[in-house]
Amino acid sequence: QVRMLADLSLVGCYNLTFMNESERNTILLQSAKNNLKNMAFFGLTEFQRKTQFLFERTFNLKFISPFTQFNITRASNVDINEGARQRIEELNFLDMQLYEYAKDLFQQRYHHTKQLEHQRDRQRRREERRLHREHRGHRWPKEDGNTEGAVTEDYNSQVVRW
């Protein structure tokens with residue numbers, strides 16, 4: 001994933017003699033992180049509902065039905081020993097770092113978007129209450145031109161006034 005997201009031209013593309021491996025890895029990882037951060041949207045498989053929420057808010061679209069969260073994959077059914085798992089993580093250490101960064105960035109975006117939505121909802125409710133109070137406070141003017149609210153004794157006596 002790091003190679004897919006990074007700007008390889010920063011490290012001489014596939015020319016491994018352009019710079020040492022440590023420097024190359026640092027530049028690739030930072031480039032991948034920057035590109036990920038600058039994407040309008042990305043999702044994570046293990047957070048299907050949150051991914052859907054962010055997608056809908058980012059692009060102002062609404063899915064017909066909610067995403068289904070599946071936590072079991074074919075890969076999750078494969079048993080590997082601890083040594084093999086550690087070796088895989090060592091070989092993919094840049095991807096492991098990018099994944100941790102992506103999870104953190106994803107959660108930040110999700111919480112920020114949720115917070116903005118709550119603020120908009122609160123503002124909308126405040127505005128609705130204000131309009132309701134204004135509407136409730138409106139009174140019909142008295143016949144003498146006084147703009148204070150007229151108190152009515154019953155409906156029929158007011159029909160003649162209108």
Side-chain angles (χ1 to χ4, degrees), residues 1-11 25-79 85 88-89 92-162:
Q1 286 301 309
V2 169
R3 295 182 66 79
M4 295 298 292
L5 289 174
D7 179 357
L8 296 179
S9 68
L10 298 173
V11 294
N25 288 342
T26 301
I27 292 170
L28 285 174
L29 181 58
Q30 191 57 52
S31 175
K33 285 179 177 182
N34 288 339
N35 288 336
L36 186 66
K37 182 176 65 174
N38 291 325
M39 288 182 181
F41 169 82
F42 70 90
L44 296 174
T45 304
E46 64 270 32
F47 302 113
Q48 289 291 308
R49 295 285 173 97
K50 290 178 178 180
T51 294
Q52 179 178 1
F53 173 83
L54 280 177
F55 184 91
E56 290 175 341
R57 298 325 183 270
T58 301
F59 299 111
N60 199 24
L61 297 170
K62 190 77 173 160
F63 286 93
I64 294 171
S65 60
F67 286 4
T68 303
Q69 181 70 47
F70 292 111
N71 292 327
I72 297 175
T73 64
R74 288 179 191 232
S76 68
N77 291 328
V78 175
D79 288 326
R85 187 189 62 74
I88 291 168
E89 287 181 7
N92 293 285
F93 72 99
L94 291 176
D95 286 346
M96 299 293 288
Q97 291 177 60
L98 179 62
Y99 174 71
E100 289 304 317
Y101 175 81
K103 271 197 325 191
D104 182 55
L105 182 60
F106 180 84
Q107 294 292 357
Q108 287 178 37
R109 287 182 178 187
Y110 174 78
H111 291 298
H112 178 73
T113 304
K114 269 291 211 197
Q115 186 177 32
L116 288 177
E117 188 168 273
H118 287 307
Q119 288 172 352
R120 281 192 295 269
D121 288 346
R122 280 194 305 270
Q123 182 62 34
R124 182 185 44 78
R125 285 191 304 271
R126 258 189 243 121
E127 184 64 18
E128 287 172 355
R129 284 192 303 270
R130 185 187 64 77
L131 290 172
H132 182 70
R133 281 191 308 271
E134 285 178 5
H135 177 72
R136 224 181 42 221
H138 178 68
R139 304 259 193 245
W140 292 100
K142 290 183 180 178
E143 282 183 33
D144 63 359
N146 189 345
T147 57
E148 284 189 38
V151 178
T152 61
E153 292 176 9
D154 63 83
Y155 176 77
N156 288 332
S157 67
Q158 288 300 317
V159 172
V160 175
R161 294 173 124 184
W162 295 334

Supply the atom-to-atom distance [X] [atom1] to [Y] [atom2], rounded to the nearest 0.5 angstrom.
| X | Y | atom1 | atom2 | answer |
| --- | --- | --- | --- | --- |
| L98 | L105 | CG | CG | 10.0 Å |
| Y99 | D104 | OH | CG | 12.0 Å |
| R133 | R129 | CZ | CZ | 7.0 Å |
| L94 | N25 | CG | CG | 4.5 Å |
| F93 | I88 | CZ | CD1 | 15.5 Å |
| H111 | K114 | NE2 | NZ | 10.0 Å |

query = Do M96 and E100 touch side chain to side chain, with heavy atoms closer than 4.5 Å?
reply =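 Result no, sub-4.5 Å side-chain heavy-atom pair not found.
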query = Taking side chain as C-beta onward, heavy atoms only, is L5 less than 4.5 Å from M39?
reply =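 A side-chain contact exists here, since the closest heavy-atom pair is under 4.5 Å.
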message = Check this for me, if you would: do E127 and R130 make a salt bridge, where the nitrogen-to-carboxylate-oxygen distance has to be below 4.0 angstrom?
response =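 Yes, this pair counts.
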message = Between Q123 and R120, do the side chains contain a donor N or O and an acceptor N or O under 3.5 Å apart?
response =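 No - no donor-acceptor pair under 3.5 Å links their side chains.
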request  = Establish, from distance only, whether the side-chain atoms of E56 and Q52 form a donor-acceptor pair under 3.5 Å.
outcome  =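 There is such a pair between these side chains.
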inquiry  = Here's one to test your reading of the geometry: is the NZ or CZ of K50 within 45 degrees of the ring axis of F106 and under 6.0 Å from its centre?
reply    =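 So K50 doesn't make the cation-pi contact.
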Heavy-atom neighbours of [X] [atom1] exceed 12 at 6.0 Å:
| X | atom1 | value |
| --- | --- | --- |
| H112 | NE2 | no |
| M4 | CE | no |
| E89 | CD | yes |

message = Before you tell me yes or no, could you show the steps for L10 and L28 under side chain to side chain contact (heavy atoms under 4.5 Å, CB included), namely the whole-Å CA-CA distance, both residues' side-chain angles and the distance that decides it to 0.1 Å?
response = CA-CA 8 Å; L10 298 173; L28 285 174; over 6 Å; no
task = Give a yes or no answer on whether the side chain of D7 reaches the backbone of S31 with a donor-acceptor pair at less than 3.5 Å.
result =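 Such a contact is absent between D7 side chain and S31 backbone.
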inquiry  = Evaluate L54 against F47 for side chain to side chain contact (heavy atoms under 4.5 Å, CB included), listing each step before the verdict.
reply    = CA-CA 11 Å; L54 280 177; F47 302 113; over 6 Å; no
F63 and F55: CA distance, side-chain angles, deciding distance, ring pair (Phe, Tyr, Trp, His ring centres under 6.0 Å) verdict = CA-CA 9 Å; F63 286 93; F55 184 91; 5.3 Å; yes
ask   = Looking at R126, R124, R125, which one forms a salt bridge (charged side-chain N to carboxylate O under 4.0 Å, His left out) with E128?
value =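 Testing each of R126, R124, R125 against E128, the sole residue satisfying salt bridge (charged side-chain N to carboxylate O under 4.0 Å, His left out) is R124.
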Over all atoms of both residues, closest heavy-atom pair of I27 and V11 =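 Nearest heavy atoms, I27 then V11: CG2-CG1, 3.6 Å.
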ask   = Between T26 and Q30, does a side chain to side chain contact (heavy atoms under 4.5 Å, CB included) hold up when you go through it step by step?
value = CA-CA 6 Å; T26 301; Q30 191 57 52; 5.6 Å; no
